[in-house]
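What follows is a short report on a single structure.
Each chain gets a letter, A, B and so on, in the order the sequences are listed, and its residues count up from 1.
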Amino acid sequence: MDFIRTIVAEDILTGKWNGEVITRFPPEPNGFLHVGHAKSFCLNFGIAAENEGGCCHLRFDDTNPVMEEARYVESILEDVRWMGWSWGEHLYYASDYFDQMYDYAFQLINNGLAYVCDLDAEQMREYRGTLTAPGKDSPYRNRSIEENQDLFRRMKEGEFKDGSRVLRAKIDMSSPNLNMRDPVMYRILHAEHHRTGSKWFIYPTYDWAHGLEDSIEGITHSLCTLEFENHRPLYNWYLDKLGVHHPQQIEFARLELTYTVMSKRKLLQLVEENLVMGWDDPRLPTISGMRRRGYSPESIREFCRRIGINKFNSTIDIALLEHCVREDLNKTSNRVMAVLNPLKVVIDNYPDEEEEWMDAVNNPEDPEAGTRKVPFSKVFYIEQDDFMEDPPKKFFRLAPGREVRLRYAFFVTCTDVVKDDNGQIIELRCSYDPATRGGNAPDGRKVKSTIHWVSAPHALNVEVKLYDHLFTMENPENTADGEDFKSNLNPQSLKTLSDCMVEPSLKEAKCLDRFQFERLGYFSVDSDSTNEKIVFNRTVSLRDTWAKIQKKGHKKQN
RNA sequence: UGGGGUAUUGUGUAAUGGUAGCACAAUUGAUUCUGGUUCAAUUUGUCCGGGUUCGAAUCCUGGUACCCCAACCA
């Protein structure tokens with residue numbers, strides 16, 4: 001149990017909130033959700049679900065109309081729902097509280113705790129002081145309550161230009177916590193809001209609004225990330241001065257992952273500069289990207305559970321995410337045979353027009369998944385990597401004179417290698433043993449390897465997209481002088497294979513369907529698929545000990 | 001530099017004064033009609049220095065390192 005759940009459990013035991021647990025997930029609709037957000041909403045919805053009567057609100061923190069768009073609201077709703085969480089009746093928008101917040105602000109003005117300040121942004125920075133030096137009081141700090149009331153009302157009416165005035169809390173310009181040095185509560189913004197339209201000319205800042213949103217909704221445990229720890233005294237101040245419900249804020253560390261970036265700002269940059277295909281690019285750690293790539297919600301939730309919750313920055317190895325998705329997909333996805341880089345094979349002693357339908361197990365991890373028939377014929381494809389003319393010691397697959405098993409079919413022996421004028425291998429000739437039908441030899445002889453295959457006349461031609469890490473560096477921020485994170489983009493992160501062969505059972509595959517291509521990895525049908533051509537995304541490869549052996553071999557040679 | 005946080009194997013995370021455990025990664029072996037899965041095993045750790053105690057990752061004390069804060073972003 002993590003430290004936050006421990007606190008919640010204690011609070012229930014002591015009856016701190018009358019045993020209630022009300023959490024919330026408060027995204028700003030200024031971008032798509034990523035797996036870091038998943039950590040947060042799995043925590044919030046998770047805690048609510050684990051406690052009887054608990055509930056978790058989904059609230060859009062839409063206080064800055066210049067950054068926010070309705071389409072982001074849509075995507076966030078879809079992503080949270082897809083991840084398996086439901087907010088029930090509890091869908092809220094900060095913008096629904098704008099009137100209430102305005103009243104609260106007036107309350108502070110009436111009590112001499114807030115004032116309208118005419119300093120511009122640069123002047124305000126000068127007056128704020130530095131980390132070590134205290135700030136100076138604004139010359140407008142001691143306006144009369146009446147003048148503040150009048151000015152603030154006129155700010156709301158839209159009388160003043162953007163940036164000309166703000167409403168500030170009157171706290172302490174010499175506080176060692178810079179957030180307490182008379183922070184801005186309202187700024188003038190003549191901007192169209194995606195929900196309130198042109199009703200407002202002033203918008204609350206996050207610091208003013210956020211605590212109020214939690215308070216209005218009766219949140220008990222307000223869970224947020226570490227950087228807001230410094231803001232907690234300010235939220236406390238607002239809530240105490242207003243005398244309203246005061247949730248308990250608890251901070252935890254953001255998720256960081258190796259080989260990727262996790263800030264909405266950077267993701268936006270990649271999208272806007274067309275360095276990726278969009279917010280749902282399968283290489284991105286966005287929920288929509290991971291969905292498109294073939295990740296299951298279950299695997300992402302399991303990942304979020306395993307990484308834990310803490311109070312210090314840490315970077316999780318992306319291998320853990322990959323492990324979680326393999327673990328889930330191994331149990332749930334049906335096996336099929338697909339050849340990514342085809343090499344034609346002809347069996348000389350197999351009848352020309354013959355076709356046989358072999359029994360294949362759909363999922364050895366799940367007997368319920370049943371079996372299917374896979375067509376076999378004289379000409380088929382195998383993986384180029386499954387043949388070597390001059391194999392090293394540890395290579396177990398097909399080679400001249402060697403016998404291997406074709407999965408669910410026959411034992412075949414390579415008898416000849418056909419090459420083109422350039423010496424490239426273009427075809428293999430084999431003989432087969434009819435007695436091994438189904439894949440077992442009656443005499444009990446063994447082969448070192450079983451390889452997959454796809455019958456040529458029955459094959460479906462498809463496109464496959466292979467993905468690698470988006471960045472070449474574990475930490476993309478680790479850059480040479482004068483470069484930014486984009487200089488670490490991996491030019492090999494997407495590899496498109498347009499001439500792959502898959503077994504005919506895949507003809508009916510629908511968008512987002514997941515499969516294991518035997519011996520290769522997990523693949524999912526991409527939204528770019530057409531009636532003419534199915535496109536598959538590789539979600540993640542299978543663990544590949546042969547690749548490791550090869551790598552080691554290379555290292556030894558070099 | 002003022003303030004607020006945090007330090008446990010390569011990476012993450014447990015242990016709340018009593019054998020430093022688990023997962024991922026790595027390595028080895030067994031099983032296997034997927035070089036997959038499964039199973040078994042191995043390697044590596046309490047930021048540093050003092051103190052209290054029979055006993056300290058945990059308590060005290062002094063250091064060190066890292067993160068956050070000087071947007072009218074969230």
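Contacts of A/Arg143 classified as salt bridge (charged side-chain N to carboxylate O under 4.0 Å, His left out), with partners at least two apart in sequence or in another chain: A/Asp118, A/Glu147. Qualifying salt bridge (charged side-chain N to carboxylate O under 4.0 Å, His left out) partners for A/Asp443, counting only residues two or more places apart in sequence or in other chains: A/Arg445. Looking at residues two or more places apart in sequence or on another chain, you find no salt bridge (charged side-chain N to carboxylate O under 4.0 Å, His left out) involving A/Asp328. In terms of the side-chain hydrogen bond (donor to acceptor under 3.5 Å, both in side chains) criterion, residue partners of A/Ser95 (sequence neighbours excluded) are, by chain and number, A/Asp62, A/Arg195. With sequence neighbours excluded, the residues that form a salt bridge (charged side-chain N to carboxylate O under 4.0 Å, His left out) with A/Glu356 are A/Arg437. Checked against ring-ring contact (aromatic ring centres under 6.0 Å, His included), A/Tyr102 has the following partners two or more places apart in sequence or in another chain: A/Phe106, A/Phe152.
Proximity of A/Arg254 to the phosphate of B/C67: no side-chain N or O atom is located under 4.0 Å from OP1 or OP2. Note on A/Thr545: a side-chain N or O is less than 4.0 Å away from OP1 or OP2 of B/G36. Side-chain nitrogen and oxygen atoms of A/Thr205 include none within less than 4.0 Å of the OP1 or OP2 phosphate oxygen of B/C73.
Considering only side-chain atoms of A/Arg335, the nucleotide from B/C72, B/G36, B/A14 that sits closest is B/G36. Taking only side-chain atoms of A/Glu365, from C-beta outward, the nucleotide of B/C72, B/U37, B/C69 with the closest atom is B/U37.
Salt-bridge annotation for A/Lys331 and A/Glu327: absent, with no side-chain N of the basic residue lying under 4.0 Å from a carboxylate O of the acidic one.
Atom CG of A/Asp207 and atom C1' of B/C68 are 14 Å apart (whole Å). Remark: C1' of B/C72 and OH of A/Tyr127 are 17 Å apart, rounded to the nearest angstrom.
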Exercise. Once Watson-Crick and G-U wobble pairs under 3.5 Å are found, how is RNA chain B written in dot-bracket notation, 5' to 3', with | for any base paired to another strand?
Worked result: .((((((..((((....[..)))).(((((.......)))))....(((((..]....))))))))))).....
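A distance of about 24 Å separates the C1' atoms of B/C59 and B/C66, rounded to the whole Å. For B/U44 and B/G10, the C1' atoms lie 8 Å apart once the distance is rounded to whole Å.
The distance from atom CG of A/Leu506 to atom CZ of A/Phe515, rounded to the nearest 0.5 Å, is 4.5 Å.
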Exercise. What string of B, S and - do you get for nucleotides 24-32 of chain B 5' to 3' if you count protein non-hydrogen atoms under 4.0 Å?
Worked result: SSSSS----
Kindly give the atom pairs (protein nitrogen or oxygen, nucleotide nitrogen or oxygen) under 3.5 Å for nucleotides 43-48 of chain B.
none

Listing time: all N or O pairs from protein to nucleotides 4-9 of chain B that are below 3.5 Å?
from	atom 1	to	atom 2	distance (Å)
B/G5	O2'	A/Glu229	OE1	3.3

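In B/A71 the O4'-C1'-N dihedral to the base is within 90° of 0, which defines a syn nucleotide.
A ring-ring contact (aromatic ring centres under 6.0 Å, His included) with A/Phe228 is found for exactly one of A/Phe252, A/Tyr235, A/Tyr206, namely A/Tyr206.
At a non-hydrogen distance threshold of 4.0 Å, A/Gly163, A/Val166, A/Pro176 from residues 162-176 of chain A come into contact with RNA chain B.
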N/O donor to acceptor pairs below 3.5 angstrom from side-chain atoms of residues 35-44 of chain A, sequence neighbours left out:
from	atom 1	to	atom 2	distance (Å)
A/His37	ND1	A/His34	N	2.9
A/Lys39	NZ	A/Ala253	O	2.7
A/Asn44	ND2	A/Arg24	O	3.3
A/Asn44	ND2	A/Ser40	O	3.1

